[in-house]
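Chain naming here is simple, since letters A, B, ... match the order of the sequence lines and numbering starts at 1 in each.
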Protein chains: 2
Amino acid sequence: MDIEISKEKKLAELFSALSEPNRIRIIKILKTSDTELTCSQVSKVLQIAPSTVSYHFKALRKAGLTNTRRQAQTKYLSLNAKTFQKYLPHFLDSL
Amino acid sequence: MDIEISKEKKLAELFSALSEPNRIRIIKILKTSDTELTCSQVSKVLQIAPSTVSYHFKALRKAGLTNTRRQAQTKYLSLNAKTFQKYLPHFLDSL
DNA sequence: TACATATTTCGATAAATATAGAAATAAGAG
DNA sequence: CTCTTATTTCTATATTTATCGAAATATGTA
């Protein structure tokens, strides 16, 4: 069971997580490639420091927009379709 | 004709404008009451200073999410359905 | 164990944000 | 012209944010 939180607050939280172009790009890549992404891959593609990517990954994860799977040293990021479906239906389609 | 801007950047801008609970509330009231709102009305309803409301109004307007109509000293805010339709289809329905 | 790779955390910093109150501006009413 | 009402702008402030590089942590390999 989730903690009760006003829908407005939750939406603001989601939008906050998505209010940075690079994060939108990460979501877009995840969606269009329909695969997982690692920190270092994104770092190369978007030309930003790994630590910055890690920061963005964390923000997306915290908002519930993505999931993480660990394999050895590597962490794979994927979309959390449920959150999009629940709070931002059709958004992924419109990307 | 609009200035060229990457879609990711525009989306980030829209999300940024929506990343504050009171702004979501303003959008929600505008949508559900299907009417216009003034600064002072919102100030009373949400219990925040008029100058703060004015700041939020400006942010929403700048992102293209709302329109303004002036009548005497009063400014009426309404939704800009086009922007929602173009960039956030179905979002208003899901509010 | 020592080294390599991937990620995270920490420390610092510059920029942006939300907020309020005070002053300024806009417009109508007496 | 003065007063009232509505909004905006200005000033200040406290908080959050995005960013990087360096150090720390995690995990696998020689």
Side-chain angles (χ1 to χ4, degrees), chain A residues 5-6 8-30 35-78 80, chain B residues 5-6 8-30 35-78 80:
Chain A
I5 187 172
S6 80
E8 295 87 40
K9 231 174 153 185
K10 180 62 191 174
L11 279 172
E13 191 187 315
L14 293 176
F15 287 143
S16 192
L18 292 170
S19 70
E20 208 283 320
N22 284 322
R23 296 205 192 132
I24 305 269
R25 289 183 193 115
I26 292 169
I27 297 294
K28 196 166 188 170
I29 299 171
L30 281 170
T35 187
E36 298 169 308
L37 283 179
T38 69
C39 207
S40 39
Q41 285 178 321
V42 173
S43 172
K44 268 173 212 145
V45 175
L46 298 185
Q47 290 289 306
I48 48 183
S51 60
T52 303
V53 176
S54 179
Y55 171 76
H56 289 320
F57 273 22
K58 196 176 184 178
L60 292 170
R61 175 73 192 70
K62 187 169 175 239
L65 293 167
T66 55
N67 293 312
T68 304
R69 177 177 71 88
R70 158 160 246 147
Q71 163 127 36
Q73 318 97 311
T74 309
K75 261 189 178 173
Y76 294 91
L77 207 78
S78 60
N80 184 345
Chain B
I5 187 172
S6 81
E8 295 88 38
K9 228 173 155 188
K10 179 62 190 172
L11 280 172
E13 190 187 315
L14 293 176
F15 287 143
S16 192
L18 292 169
S19 69
E20 209 282 322
N22 284 322
R23 296 203 192 134
I24 304 271
R25 287 183 194 114
I26 293 169
I27 297 294
K28 195 166 188 169
I29 299 170
L30 282 170
T35 187
E36 298 168 307
L37 284 178
T38 69
C39 207
S40 39
Q41 286 177 322
V42 173
S43 174
K44 269 173 211 144
V45 175
L46 299 185
Q47 289 289 306
I48 47 182
S51 60
T52 304
V53 176
S54 179
Y55 171 75
H56 288 320
F57 273 22
K58 196 176 182 178
L60 292 170
R61 175 72 192 69
K62 187 169 176 239
L65 292 167
T66 55
N67 293 311
T68 303
R69 176 175 72 86
R70 160 160 243 149
Q71 162 127 37
Q73 318 96 312
T74 310
K75 261 189 179 173
Y76 295 90
L77 207 77
S78 59
N80 184 345

(request) Using the test salt bridge (charged side-chain N to carboxylate O under 4.0 Å, His left out), find all partners of K58(A) that sit at least two apart in sequence or belong to another chain. (result) none

(request) Check salt bridge (charged side-chain N to carboxylate O under 4.0 Å, His left out) between K44(B) and all other residues, then give those that pass, not counting sequence neighbours. (result) none

(message) What is the first contacted nucleotide of DNA chain D and what is the last, in 5' to 3' order, if contact means an atom lying under 4.0 angstrom from a heavy atom of chain A?
(response) dT17(D) to dG28(D)

(request) Return the set of residues passing side-chain contact (heavy atoms from CB on, under 4.5 Å) with S43(B) (not counting sequence neighbours), or none when no residue passes. (result)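 Scan of S43(B) (side-chain contact (heavy atoms from CB on, under 4.5 Å), adjacent residues dropped) gives P50(B), V53(B).
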
(request) List the steps, then state whether side chain to side chain contact (heavy atoms under 4.5 Å, CB included) holds for L77(B) with V42(B). (result) CA-CA 10 Å; L77(B) 207 77; V42(B) 173; over 6 Å; no

(request) Could you tell me the separation between the CD atom of E13(A) and the CD1 atom of I24(B), rounded to the nearest 0.5 Å? (result) 11.5 Å

(message) Test: side-chain hydrogen bond (donor to acceptor under 3.5 Å, both in side chains). Region: residues 19-29 of chain B. Which pairs qualify, not counting sequence neighbours?
(response) E8(A)-K28(B), N22(B)-R25(B), R23(B)-H56(B)

(request) For residues 61-76 of chain A, pull every pair meeting side-chain hydrogen bond (donor to acceptor under 3.5 Å, both in side chains), keeping only residues two or more places apart or in separate chains. (result)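 Residue pairs with at least one partner in residues 61-76 of chain A: E36(A)-R69(A), R69(A)-Q71(A).
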
Might you list the N or O atoms of the protein lying below 3.5 Å from N or O atoms in nucleotides 6-11 of chain C, with each pair's distance?
from: dT7(C); atom 1: OP1; to: C39(A); atom 2: N; distance (Å): 3.3
from: dT7(C); atom 1: OP1; to: K75(A); atom 2: N; distance (Å): 3.4
from: dT7(C); atom 1: OP1; to: K75(A); atom 2: O; distance (Å): 3.4
from: dT7(C); atom 1: OP2; to: S40(A); atom 2: N; distance (Å): 2.7
from: dT7(C); atom 1: OP2; to: S40(A); atom 2: OG; distance (Å): 2.7
from: dT8(C); atom 1: OP1; to: K75(A); atom 2: NZ; distance (Å): 3.4
from: dT8(C); atom 1: OP2; to: S54(A); atom 2: OG; distance (Å): 2.8
from: dT8(C); atom 1: O5'; to: S54(A); atom 2: OG; distance (Å): 3.4
from: dT9(C); atom 1: OP2; to: K58(A); atom 2: NZ; distance (Å): 3.2

(request) Examine dT17(C): is either OP1 or OP2 under 4.0 Å from a nitrogen or oxygen in the side chain of H56(B)? Give yes or no. (result)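 Checking H56(B) against dT17(C): no side-chain N or O falls below 4.0 Å of OP1 or OP2.
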
(request) May I ask you to test the L11(A)-L18(B) pair for a side-chain heavy-atom distance under 4.5 Å? (result) no

